[in-house]
**Q** 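Attaching a single structure in structure tokens format; questions to follow.
As the structure is a computational prediction, the values presented were derived from the model and not from experiment.
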Amino acid sequence: MLEFMPLVLFAVICLVLMAGYPVALSLAGTALLFSGLGLGLEAMGIDAHFDSGFLSAFPNRLYGIMTNQTLLAVPLFVLMGVLLEKSKVAETLLEAMSLLFGSLRGGLGISVTLVGMLLAASTGIVGATVVTMGLMSLPTMLKRGYSMPLATGTICATGTLGQIIPPSIALVLLGDVLSSAYQQAQLAMGIFSPKTVSVGDLFMGALVPGLLLVVFYIAYVTLIAWLKPSAAPAIDRQDLMAELGHEGGLGLLLLKGLVPPIVLIIVVLGSILGGFATPTEAAAVGAFGALMLALAYRQLDLSTLKDVLRSTVHVTTMVFLILIGAALFSLVFRAYGGEELVTEVFENMPGGVIGATLVVMLVIFLLGFILDFIEITFVVVPIVGPILLAMGLDPIWLGIMIAINLQTSFLTPPFGFALFYLRGVAPDSVPTSSIYRGVIPFIVLQLGMLLALAWFPGLATWLPDQF
């Protein structure tokens, strides 16, 4: 029984998190409890298969976390996203896109998809994108005659694009964890000058699959609009302009609402992909650019600035506390021999690397119902990542598969996080069943993207290989 203690530890962590306790404290507290149990059993002369020497590595782990240059991008990208949200850039952007595409069948749905993509690229936080799009676009879509399932499904699906569209906070964190896992895997294989994988590599790998998903979403909305025009009717542009109160014309609104955020995102992402800046440096440029946009739009006063900084500190503190708790959990898991146990299970699994990958993807998908991407990135990936990479998987491909897998999990009823976020801001007249029915086609599209990546890994690896 004691040799299976790592699996017991993992199961207890999941149960504690499902009970609603704070994630960081749950990870650290449960790990300390099990380390105390292991030390107690060893003191009683019972072989608990616990190597307390791993615990001595915790101070170095803690120092490494707090001095990690890559993780500095997290607060800067959060600051950039919150500034764009508070400065009403997204609202102006949605109005501009609605006027541009609204006269087409399904045009409002296309506008929501494109704005959701840009908002995902700027905020990188699923909850913020879904809530913002739900508050801004859902009432308008319903008022204009869009079917409830199509409207809610489009908003939920585009909101989850924050997982995969760079520069995404999820990819920043995943890239840092996968980099360490890749080096561990190579050292385990006897390669003592290991190659590295950077956050920029992961951004490049995510670009093609992320844009393909956007194309799939737009194609689906367009198909529904032509097969069933009443589900996504066209809107008269003049009526919409009069309703929005824009007298300066479409060109002025596009210039004001569309160009600045797109230029900012291109500068941030282009500097990373072009090798001119690290993700941290580009995030600093993005945060400064978002600050300038907020000032230019006259949406930044002292009260708003306080709210922006408070939100940034809240999210950043949460991320780093979870990372510290996950580091302690990882050490205790390894102290019980969890790494060797998981390796043995994977090596003896039918189907070899394919079977192991399928099992890991299924586990991550199910964990996405109860854990956020941060917990899964810091808890699960460090355990399974080195083993899968040592079996020959490409780290960029694995990272993109995990990101899209989690994105699909966040959409899947009945526990998907995106569904809960939209349910929280949707009018009472929108039944939960409509939200569930609306996301099913988008789940199918994302599963199709996963299958395409599995069949054609080059979708994720081709672009990074060019640089």
**Q** Looking only at heavy atoms, what is the nearest atom pair of Ala206 and Leu171, with distance?
**A** CB-CD1, 3.6 Å
**Q** Please tell me if the side chains of Leu161 and Gln407 come closer than 4.5 Å, counting only heavy atoms from C-beta onward.
**A** yes
**Q** For the residue pair Leu114 and Ile218, establish whether any side-chain heavy-atom pair is separated by less than 4.5 Å.
**A** yes
**Q** Does Thr316 reach the main-chain N or O of Val313 with its side chain, forming a donor-acceptor pair under 3.5 Å?
**A** no
**Q** Which residue in the set Leu451, Leu453, Leu445 passes side chain to side chain contact (heavy atoms under 4.5 Å, CB included) when paired with Met449?
**A** Leu453
**Q** Do the side chain of Thr30 and the main chain of Leu27 share a donor and acceptor less than 3.5 angstrom apart?
**A** no
**Q** Report the C-alpha separation of Asp176 and Ser179 in whole Å, then their side-chain angles, then the decisive distance to 0.1 Å, and conclude whether the side chain to side chain donor-acceptor pair (under 3.5 Å) test is met.
**A** CA-CA 5 Å; Asp176 183 66; Ser179 177; over 6 Å; no
**Q** What's the separation between atom OG in Ser26 and atom CD1 in Ile322, rounded to the nearest 0.5 Å?
**A** 9.5 Å
**Q** Search all heavy atoms of Ile400 against all heavy atoms of Leu202 and return the closest pair with its distance.
**A** CD1-O, 3.7 Å
**Q** Is Ser35 reaching over with its side chain to a backbone N or O of Leu32, donor-acceptor style, under 3.5 angstrom?
**A** yes
**Q** Output, in order, the C-alpha distance, side-chain angles, deciding distance and verdict of side chain to side chain contact (heavy atoms under 4.5 Å, CB included) for Val8 and Tyr336.
**A** CA-CA 11 Å; Val8 177; Tyr336 273 110; over 6 Å; no
**Q** Does the Gln186 side chain pair with the main chain of Tyr182, one donor and one acceptor, at a distance under 3.5 Å?
**A** yes
**Q** Between Asn405 and Thr408, is the side chain to side chain donor-acceptor pair (under 3.5 Å) condition met? List the steps.
**A** CA-CA 5 Å; Asn405 188 12; Thr408 309; 5.5 Å; no
**Q** What do you reckon, is CZ of Phe288 surrounded by more than 12 foreign heavy atoms closer than 6.0 Å?
**A** no
**Q** Consider only side-chain N and O atoms of Asp307 and Thr304, and report whether a donor and an acceptor are under 3.5 Å apart.
**A** no
**Q** For residues Phe10 and Phe333, establish whether the separation of their ring centroids is below 6.0 Å.
**A** no
**Q** Determine whether Tyr217 and Gln446 satisfy the following criterion, side chain to side chain contact (heavy atoms under 4.5 Å, CB included), listing intermediate values before the conclusion.
**A** CA-CA 10 Å; Tyr217 293 172; Gln446 291 187 185; 2.4 Å; yes
**Q** How close do Leu178 and Pro395 get, heavy atom to heavy atom, and via which atoms?
**A** CD1-O, 3.6 Å
**Q** Tell me if a side-chain donor or acceptor on Thr461 pairs with a main-chain N or O of Pro457 at a distance below 3.5 Å.
**A** yes
**Q** Please answer whether the main-chain N or O of Gly116 pairs with a side-chain N or O of Thr158 as donor and acceptor at a distance below 3.5 Å.
**A** no
**Q** Taking the side chain as C-beta and beyond, is there a heavy-atom pair between Leu264 and Met292 under 4.5 Å?
**A** no
**Q** Given the rule in the side chain to side chain contact (heavy atoms under 4.5 Å, CB included) test, do Leu213 and Phe442 qualify, once you have shown the distances and angles that lead to the verdict?
**A** CA-CA 9 Å; Leu213 277 176; Phe442 293 96; over 6 Å; no
**Q** Applying side-chain contact (heavy atoms from CB on, under 4.5 Å), name anything that partners Ile354, two or more places apart in sequence or on another chain.
**A** Leu358
**Q** I need the minimum non-hydrogen distance between Gln163 and Ala170, along with the two atoms involved.
**A** OE1-CB, 3.9 Å
**Q** Which heavy atom of Ala287 sits nearest to which heavy atom of Leu79, and what is that distance?
**A** CB-CD2, 4.0 Å
**Q** Is a donor on one side and an acceptor on the other found under 3.5 Å between the side chain of Asp465 and the backbone of Trp462?
**A** no
**Q** Measure the shortest side-chain to side-chain distance between Met401 and Leu393 over non-hydrogen atoms and say whether it is less than 4.5 angstrom.
**A** no
**Q** For the residue pair Arg61 and Ser330, establish whether any side-chain heavy-atom pair is separated by less than 4.5 Å.
**A** yes
**Q** Can you measure from CG (Leu419) to OG1 (Thr412) and round to the nearest 0.5 angstrom?
**A** 8.0 Å
**Q** Taking all heavy atoms of Thr152 and all of Leu138, pick out the closest pair and write down the distance.
**A** CG2-CD1, 4.0 Å
**Q** Do side-chain atoms of Ser271 reach the backbone of Val268 as a donor and acceptor pair under 3.5 angstrom?
**A** yes
**Q** Side chains of Leu9 and Phe329: closer than 4.5 Å at any heavy-atom pair?
**A** yes
